[in-house]
Structure formats: C-alpha cells, structure tokens
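The structure presented is a predicted model; accordingly, all values stated were derived computationally and were not measured.
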Amino acid sequence: MLPVIALVGRPNVGKSTLFNRLTKSRDALVANYAGLTRDRKYGEAEIDGRKVILVDTGGISGGEEGIDAAMAQQSIQAIEEADIVLFLVDCRAGLTPADQMIADQLRTRSKPTFLVANKVDGVNPDIALAPFYELGIGELFPTTATHGRGVRTLMERVVADLPEQAEAVEEEEATGIKIAIVGRPNVGKSTLVNRLLGEDRVVVYDQPGTTRDSVYINYQRDDKPYTLIDTAGIRRRKNIKESVEKFSIVKTLQAVEDANVVVLVIDAREGLVDQDMHLMGSVIQAGRALVVALNKWDGLEADHREYVKTELERRLRFVEFADIHFISALHGTGVGNLYQSIESAYQSATDKLSTNHLTRILQWAVTEHQPPLVHGNRIKLRYAHAGGQNPPVIVIHGNQTEQVPGHYVRYLEKTFRKALDLHGTPVKIEFRTGTNPYAGKKQKLTDRQKAKKRRLMKFVKKKK
C-alpha cells in the first residue's frame with residue numbers, strides 16, 4: 001500500500017506550498033464532507049520513484065474554538081493515520097507556544113517525524129534555527145517551499161524512512177482479480193460487499209493505528225478466484241465519529257492504487273455529487289479499470305430515474321468507457337451483472353497488445369484524421385507499441401510528438417479503445433520523439449559540390 005505522509009503545523013507556515021510543490025500541481029484532490037466548512041487536501045506524489053499519499057492538514061494554534069477546534073482534531077487524527085510526519089515551523093516567526101504544543105503531541109505518538117524549518121530565505125540560518133533545537137523532535141531541515149530550497153535534501157531523507165515491504169506484503173494475500181469497492185458513506189457499500197460474498201458479513205474497520213491497512217477478502221464464484229479489497233468506507237455507519245470518517249479518503253486512494261478493477265458505488269436517490277466525481281477522477285488518474293454501480297435503484301419514481309440517467313449522460317462523458325449498472329444491493333437486483341463488467345474490464349486492462357496491430361491502428365487513425373501542423377511542418381507519427389498494462393499504455397514514436405495537442409491525444413485514445421474493443425479501462429498514450437541523426441553535424445561537400453557553390457556565388461554577385 002502507498003505510504004502516507006502528513007504535513008502538520010501552525011497556520012501559515014507553508015504546508016500548502018510544500019504540498020503543491022511535492023505533488024507538482026495546484027489541482028490537489030479535495031474531499032468535501034457534510035457539515036465541514038473547510039476543505040481537506042489529498043494528493044499523490046512521486047519521490048525518487050516511490051509513490052506516496054500526502055495529506056495537507058489545517059493549521060493548529062492551540063486556541064481553536066468551534067470549527068477550528070474540529071480542524072485541529074483532524075490534524076491530530078492525520079498524525080495517527082500517517083507513516084511519516086513533516087512538522088513545519090516558521091523561521092521568521094520563531095518558536096511559538098503552538099509549536100511546542102504540537103511537538104508535545106508528536107512526541108507522545110512516536111511517529112517518524114522530520115522538523116521542517118520553512119521560510120529560511122532572507123534570515124540568518126544560524127540565528128533563526130537555534131530556537132527550534134530545543135523542541136528535541138526529529139531532524140531539522142531548513143527549507144524555502146516557495147523556491148524549493150532544501151526540499152530535495154528533505155525528501156531524500158524521508159524516502160530512506162518509507163516502509164519498504166508495504167506493497168509486497170499485501171500482494172501475497174491476493175489470490176484473484178482485485179476488486180476495490182469505493183464510494184461515499186451510506187451509499188450501500190457494506191450491503192454490496194455482503195451480497196458479493198454471499199454471506200451476511202460486515203467488515204468493521206475501526207481500529208486505532210491500523211486504519212491505513214486494507215483488508216483482503218479472498219473468495220470464489222463459479223470456481224473463479226476473486227479478492228475483494230475492503231476499505232475504510234466498508235463498514236456500518238452507526239455511531240461512527242466524524243473525526244474517523246474524514247480520513248476514509250486516504251484508505252480509498254490506497255485501495256484504488258492496489259486494485260485491478262474499481263467498483264464505484266453511487267446512491268441513486270441522491271444522484272451524482274461532487275465527492276463521487278472526485279473519487280472517479282482519482283480512479284482515472286490512477287489508470288484503474290472502472291465499473292459504476294448506482295445502488296438503491298429499486299423504489300425510485302420513473303421521473304427521478306429519468307433525471308438520474310440524464311445527469312449521468314451529461315456528467316460522465318469523460319468516463320464513457322465505463323459500464324454503468326443500476327442495482328439494488330439489498331435485494332440483489334443486478335448485482336450478478338457486475339461480474340461480467342468486472343471480467344471484461346480486467347481482460348481489457350491486462351491484454352497483451354502486438355506492435356504490428358497497434359501500428360496498423362495508428363496508421364489508419366492518421367489517415368482518417370492527420371495531426372495538425374506545427375510551424376508549417378506536419379507532426380509525423382510513425383509506429384506504436386505496448387508500454388504497459390493496467391492501464392494499457394500505448395507508446396507512439398514520431399517527430400515533434402511533444403507538440404501533439406490534447407484534442408488529438410483524446411482522438412487517439414478513443415480510436416485505440418474502439419479498434420481494440422476495450423471496455424471499462426482508460427487508455428494511456430505516451431509519445432517518444434526520435435532523435436535527429438544529423439543534428440549538430442555539418443555536411444561535408446565534395447570537390448564537385450564546392451565548385452558548383454562557387455559558381456553559384458559568382459552568379460549571385462553579378463546579379464547584384
């Protein structure tokens with residue numbers, strides 16, 4: 001499973017700036033929860049080839065009231081969920097009572113902690129860093145998140161402390177197609193899990209200190225092995241504290257990353273909401289095969305059913321490859337049909353694609369719709385080959401491929417998906433530009449060519 005790194009500290013010490021720099025994007029995942037007036041930020045980062053999940057927490061000052069107190073409690077919960085904690089302090093503001101309070105919280109939890117002294121630019125490091133040594137917690141790393149100063153050194157040290165066997169241990173427990181059931185609270189995931197397993201079983205996943213691990217449930221159906229990935233969201237919601245529920249998104253992201261096929265459960269009575277779209281976006285970003293299940297379809301009025309179908313057609317155009325099922329997990333209506341889509345999506349995501357076949361599809365696509373001109377020259381796409389599975393990766397070689405516009409990439413994705421008859425899985429297109437063998441080399445002229453050039457130059461001078 002992906003390790004979790006939490007960024008904690010007082011308000012305005014640079015946590016979000018460091019978060020955006022590590023994720024290399026300002027479009028971080030945002031999880032909106034009912035009753036919460038502030039957004040939480042989640043994102044994936046790759047550090048020296050290791051993927052991690054970053055959690056950007058709210059600031060803690062020690063004097064919170066109302067919603068600020070709830071946010072402070074969430075930051076404390078983030079520490080519990082994390083494998084590694086980055087504790088940020090402000091060099092310009094110096095050591096504050098809030099910093100000491102946070103350090104006390106971290107000290108009692110025995111989490112691997114790195115003290116990040118941010119905003120070190122423009123100050124004397126020897127003077128600015130001295131007060132923070134008295135915290136006596138973790139190694140001290142001076143940084144400037146806005147410019148990236150010291151961030152590389154910090155993350156190289158963090159990588160050395162990341163868990164090494166987290167993914168390998170989970171892989172050994174899986175025996176079949178790994179199916180992750182994800183979705184918002186109260187959409188019927190627990191009921192669907194019980195129906196898929198064929199027994200009245202509800203998995204409770206609420207143990208302090210173990211909530212970052214996924215539970216793998218191996219079972220068979222028609223003599224075929226499957227592995228159901230039970231995430232934090234798959235549990236009964238009665239008497240569950242909001243503070244625990246907030247961080248189910250971390251486990252969901254981990255389950256998505258480790259799954260072969262993701263079944264996204266949506267409450268048909270509520271229709272599509274923003275959190276459903278966020279979860280769907282994280283699945284697509286991870287490149288996982290997707291099946292959409294609209295639960296609680298039974299009992300809906302005909303007008304509401306038409307409204308939901310219209311909304312699906314309008315808002316899910318970016319995942320038109322995914323099969324959509326209207327089910328009732330409580331009564332079992334339509335649940336059996338999920339397996340057909342799961343099998344089809346898994347097969348499409350793991351098929352071996354031949355270079356010859358992919359190149360022929362590419363040539364046909366270019367003939368039907370040529371790439372655009374760039375500076376008067378046509379982009380040339382020469383051949384294609386497979387570059388990976390789950391999701392299928394198609395590598396295309398050619399000239400000026402870095403100039404291929406987004407709309408043409410989407411055209412190629414749809415063309416390959418249709419020609420290869422892929423269902424339920426996104427297709428990732430990668431480009432490779434061939435090197436020019438004559439770049440930087442000056443042509444050597446023969447004696448005959450040199451004489452011809454001299455005659456041409458004399459002719460041009462006479463004309464002038």
Nearest atoms (heavy-atom pairs only) where Glu343 meets Ile177: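 Here Glu343 and Ile177 meet closest at OE1-CD1, 3.8 Å.
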Nearest atoms (heavy-atom pairs only) where Arg305 meets Leu300: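 Nearest pair, atom of Arg305 first, then Leu300: NE-O, 3.6 Å.
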From [X] [atom1] over to [Y] [atom2], what is the distance, rounded to the nearest 0.5 angstrom?
{"X": "Trp297", "Y": "Ile327", "atom1": "CH2", "atom2": "CD1", "result": "11.5 Å"}
{"X": "Lys15", "Y": "Leu7", "atom1": "NZ", "atom2": "CG", "result": "8.0 Å"}
{"X": "Leu294", "Y": "Lys309", "atom1": "CG", "atom2": "NZ", "result": "10.0 Å"}
{"X": "Tyr219", "Y": "Thr227", "atom1": "OH", "atom2": "OG1", "result": "8.5 Å"}
{"X": "His357", "Y": "Ile361", "atom1": "NE2", "atom2": "CD1", "result": "3.5 Å"}
{"X": "Leu420", "Y": "Leu358", "atom1": "CG", "atom2": "CG", "result": "6.0 Å"}

Side chains of Gln403 and Tyr408, donor plus acceptor under 3.5 Å: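 Note: Gln403 and Tyr408 side chains miss the donor-acceptor criterion.
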Any side-chain donor near an acceptor of the partner, Thr401 and Thr433, under 3.5 Å: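 Short answer, yes.
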Looking at side-chain heavy atoms only, is the closest gap between [X] and [Y] below 4.5 Å?
{"X": "Val256", "Y": "Val262", "value": "yes"}
{"X": "Arg288", "Y": "Asn390", "value": "yes"}
{"X": "Phe416", "Y": "Ile429", "value": "yes"}
{"X": "Val116", "Y": "Leu154", "value": "yes"}
{"X": "Leu162", "Y": "Ile47", "value": "no"}

Aromatic Tyr339 / basic Arg221 pairing, under 6.0 angstrom, 45° off normal: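 Cation-pi check for Arg221 and Tyr339: passes.
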Row check, Phe87 ring normal vs Lys111 NZ/CZ: under 6.0 Å, within 45°: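 No - Lys111 does not lie over the ring of Phe87 by the 6.0 Å and 45° rule.
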In plain terms, say whether [X] and [Y] are close enough for a salt bridge, that is, a side-chain N and a carboxylate O under 4.0 Å apart.
{"X": "Arg50", "Y": "Asp161", "result": "no"}
{"X": "Asp90", "Y": "Lys119", "result": "yes"}
{"X": "Glu413", "Y": "Arg410", "result": "no"}
{"X": "Asp222", "Y": "Lys224", "result": "no"}

Donor-acceptor pair, side chain of Arg417 and main chain of Pro426, under 3.5 angstrom: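 Flag not set: sc Arg417 to bb Pro426 has no pair under 3.5 Å.
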Aromatic plane relationship, Tyr411 with His369 - under 30° parallel, 30 to 60° tilted, over 60° perpendicular: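 The arrangement is perpendicular - the two ring planes meet at more than 60°.
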Steps toward side-chain contact (heavy atoms from CB on, under 4.5 Å) verdict (Asn399, Arg382): CA-CA 8 Å; Asn399 295 339; Arg382 304 189 184 281; 2.8 Å; yes
Whether over 12 other heavy atoms sit under 6.0 Å from Arg378 CZ: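 Yes - once you tally the heavy atoms of other residues, nucleotides and ligands closer than 6.0 Å, there are more than 12.
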